[in-house]
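Take a look at the structure below.
These numbers come from the heavy atoms of this one structure, side chains and all, not from hydrogens, waters or symmetry mates. Since the model is a prediction, treat every value here as computed from it, not as a measurement.
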Amino acid sequence: MELAQFLNSAQVEAVEHRQGPLLVIAGAGSGKTRVIEYRVLNLILNQVEPTSILLLTFTRRASREMLARAAKQDPKCGLVEGGTFHSFGVRLLRRYAGRIGIKENFTILDSADAPEAMRRVATALGYYQLPLRFPQKSSLQKILSAATNKQKPIAEILEQDYPNFQACAKELENLRLQYARYKLEMGYFDYDDLLLYSKLALEIKEIRAEVQAQFQYIMVDEYQDTNQVQGEIVALLAQSHGNVMAVGDDAQSIYGFRGAQHANILSFPSLFPGCKVIKLETNYRSTQDILDLGNQVLEGMQQKYSKRLVSAERRRGQAPSLRVFKEPAEEAAWIAEKIQELYHQGVPLREMAVLFRSSHLSFQTQTELAKRKLPFEVHGGKKFSDMAHVKDLLSYFKLLYNPKDELAWNRVLMLLTGVGPKTASRLIETIQAQADLLEVHEFFLSLPEKRIYKGELLLLSAALGQARGQVHDLASCYSTLLRAYQPYLEQRYDNWTQRKKDLETLSQIAGRYHDLHQLLLDFALEPPERGVVAVQGVTQAAEGAIVLSTIHSAKGLEWGAVFLIGMMEGIFPTAYSLKSPEAIEEEERLFYVALTRAKNQLFLSFCHYGFAGGITQFNQPSRFVQNLSLEREDRPPPVRTKKPPPLEAAQALSKEELLAKLAKMF
DNA sequence: TTTCGACGTCTTTTT
DNA sequence: GACGTCGAAA
């Protein structure tokens, strides 16, 4: 294969690299995906076994796409082991469960389960009865997770980010230990555990030797977003052969809040002596006008591999612009109009995106697009499985998989009338002593008749029993469980018909699976996004849809025209970041990521009036746009609505007359 | 012991 | 608007 036909010289050099460590610093739009894709292909064309290549990426979608494209040229590429660190961890842990000393059929705690589990442990330890204010479950999760991901003692995390909880350091340290014990007993693993136990597994000499022997070539994408533990996992994987390629862009490190250390990519060469470093600076994505803006942002950054983006064809285009609006509705209306205009000029809808710092900023735009029947999909923000009714139904599924799952039982039992926390705990205790669902059913039968929840309990376990027999056919299994859940759905929610639709969507997703375990795994590791339901529009699906996305979820993607909304101080950068210079730098990198998503056109905007904490406030433009040379376009003159002339006093009706008129209308 | 309503607090980004 | 806490009633 003549690589130079498809790649520039720096890319060829990276693709042809075979042995030893390699770091590829790939600026935005410099074709790093292509490099990974072609390197996989090149290795395979040079007789490397596909199963000896491991490709670790940030999202499962990223690895799937890269491997799928490579597989078009050689189907063997499809056999490459690819996925996120977390999914790799799951496979590793299942395979070596026996040797590590953990249960083989474990359950993954998602971002809602983990805090709940922590609270249960903390409650059992009596920490909520202490005379000190103990963190609530979401803070517990953040504190313990930060300690794990940054590999720092709790006290240090508290000092930096939670000074108000410094008095709880001892208790939290103990909670961390007891929570770990609890999970081990229950067979639960939270996200952090998947990484932590992977590292632990790889520290066992025999396991490490076996894994190293299998994976001769390690590739890691988005290296700038790896955290301490992930960095250590990479080091362990590559220890013997040193065949590790890290690809990333230090300027695009945007997951510091999750413990990512952008120092990882900076220190990669010193970690692997003899490491070759290749920079990709030629940009194939954006016009020079957009890149100039990106370069301005790059210049302001402190710690970095210095680089400058240059457009491959020196392509000029429309200058990026900044627009100021009075309020979000006005901004949304303008965006919708502009989208229609671009569409009529021939830009397909799927080539347009609206990006924002936090998901709620897109509400107005969503409404406006829906009103105009423009199809769109929303990425980022709430997950499908965050909705209470979806979690309820998934809990039923979890019980089929593991009849001793305490968190799932708790959720399911609490639905029953007459069951509160106390009763649920007591029931669960006995349930866990039973061998299987059949014995659980017998236990329910043996309960005294006067328990008001007995009838419901029996209906529930009958449904579970029936569903258990249908696990080979998840679609009918699902409908059995949905029938059992239906009464609770109707009883609990006014808008149950809407929610029923969500559950029907879930039914379609569930029906695509053949394996219950895989279904639960995917829902935990890669929950379907709630907003990826395109609005029915006048255009056909082939046109695609406009993408509304958080900047985080837009990483690695590109569009012809990009609208970046909400450029207000306190929103972007968020008020949270203002206390520390490091956090503001991360926001700045995030801004850089957002800008460099655009190929041809880039529109920035902000509104003076905005909502924050329930009150309307006057916003200043973001510091990010103030220093940039941007074409500032004034908003269109506001539409003035004429005020009706005030009524003459004599014309006004008395209260009695009003009531009389109303009564006639009843 | 459960259930319900009133009130206060916090509200980012994701595997 | 979601979640937690507290007190009162059933």
Side-chain angles (χ1 to χ4, degrees), chain A residues 56-63 83-90 108-116 119 123 128-129 133-142 145 148-149 164 189-196 198 222 225-227 229-230 253-260 355-363 379-383 385-388 413-426 451-453 492 521-527 529 549-555 566 570-578 583 586-587 589-591 593-594 611-615:
Chain A
L56 293 171
T57 52
F58 203 69
T59 62
R60 194 110 59 108
R61 191 179 58 183
S63 79
T84 60
F85 276 89
H86 293 87
S87 66
F88 171 69
V90 168
I108 293 170
L109 300 184
D110 67 21
S111 50
D113 299 332
E116 182 61 32
R119 183 171 63 175
T123 309
Y128 286 106
Q129 270 129 44
R133 190 181 145 85
F134 202 71
Q136 293 185 346
K137 62 178 180 180
S138 63
S139 304
L140 285 180
Q141 197 274 333
K142 281 182 192 143
S145 184
T148 301
N149 284 312
N164 48 328
F189 286 80
D190 63 21
Y191 290 140
D192 300 335
D193 290 331
L194 296 177
L195 302 180
L196 218 50
S198 296
E222 309 281 10
D225 285 321
T226 54
N227 64 28
V229 185
Q230 289 167 323
S253 168
I254 55 175
Y255 280 91
F257 69 91
R258 208 174 88 178
L355 304 183
F356 31 84
R357 171 68 239 258
S358 37
S359 46
H360 69 266
L361 292 168
S362 72
F363 290 166
H379 295 271
K382 281 242 178 310
K383 293 286 184 290
S385 45
D386 286 341
M387 295 184 283
L413 293 176
M414 290 282 279
L415 291 171
L416 310 184
T417 32
V419 178
K422 282 272 149 56
T423 312
S425 301
R426 269 201 304 264
R451 302 283 164 84
I452 42 168
Y453 47 82
R492 285 165 79 89
L521 222 55
D522 279 3
F523 258 84
L525 288 181
E526 247 200 333
E529 283 176 300
S549 173
T550 58
I551 303 170
H552 284 89
S553 296
K555 190 162 83 153
I571 306 287
F572 191 20
T574 89
Y576 280 94
S577 67
L578 300 180
E586 177 150 318
E587 297 286 303
R589 291 193 293 269
L590 192 58
F591 180 49
V593 169
F611 252 46
I615 49 160

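By the side chain to side chain donor-acceptor pair (under 3.5 Å) test, A/Ser145 pairs with A/Asn149, A/Asp192, sequence neighbours left out. Scored by the ring pair (Phe, Tyr, Trp, His ring centres under 6.0 Å) test, A/Phe85 finds no partners at all (sequence neighbours excluded). For A/Phe88, there are no ring pair (Phe, Tyr, Trp, His ring centres under 6.0 Å) partners, not counting sequence neighbours. Every ring pair (Phe, Tyr, Trp, His ring centres under 6.0 Å) that A/Phe58 has, sequence neighbours left out, goes to A/Tyr255. For A/Glu587, the salt bridge (charged side-chain N to carboxylate O under 4.0 Å, His left out) partners are A/Arg357, not counting sequence neighbours. Not a single side chain to side chain donor-acceptor pair (under 3.5 Å) links A/Ser63 to another residue, sequence neighbours left out. Contacts of A/Ser549 classified as side chain to side chain donor-acceptor pair (under 3.5 Å), with partners at least two apart in sequence or in another chain: none. Not counting sequence neighbours, A/Phe363 has no partner by the ring pair (Phe, Tyr, Trp, His ring centres under 6.0 Å) test. When the side chain to side chain donor-acceptor pair (under 3.5 Å) test is applied to A/Arg119, the partners found at least two apart in sequence or on another chain are A/Glu116.
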Considering only nitrogen or oxygen atoms on both sides, find all protein atoms under 3.5 Å from nucleotides 3-9 of chain B and state each distance.
from	atom 1	to	atom 2	distance (Å)
B/dT3	OP1	A/Gly418	N	2.6
B/dT3	OP2	A/Val419	O	3.4

Close N or O pairs between protein and nucleotides 12-15 of chain B (under 3.5 Å):
from	atom 1	to	atom 2	distance (Å)
B/dT12	O2	A/Arg357	NH1	3.0
B/dT12	O2	A/Arg357	NH2	2.5
B/dT13	OP1	A/Ser359	N	3.0
B/dT13	OP1	A/Ser359	OG	2.7
B/dT13	O4'	A/Arg357	NH2	3.3
B/dT13	O2	A/Arg357	NH2	2.4
B/dT14	OP1	A/Thr550	OG1	3.2
B/dT14	OP1	A/Ser553	OG	2.9
B/dT15	O4'	A/Arg258	NH1	3.2
B/dT15	O3'	A/His86	ND1	3.4
B/dT15	O2	A/His86	NE2	3.3

What protein N or O atoms touch nucleotides 3-10 of chain C N or O atoms at under 3.5 angstrom, if any, and at what distances?
from	atom 1	to	atom 2	distance (Å)
C/dG4	OP1	A/Arg119	NH1	3.4
C/dG4	OP1	A/Lys137	NZ	3.2

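With salt bridges taken as basic N to acidic carboxylate O contacts below 4.0 Å, none links A/Asp110 and A/Lys383.
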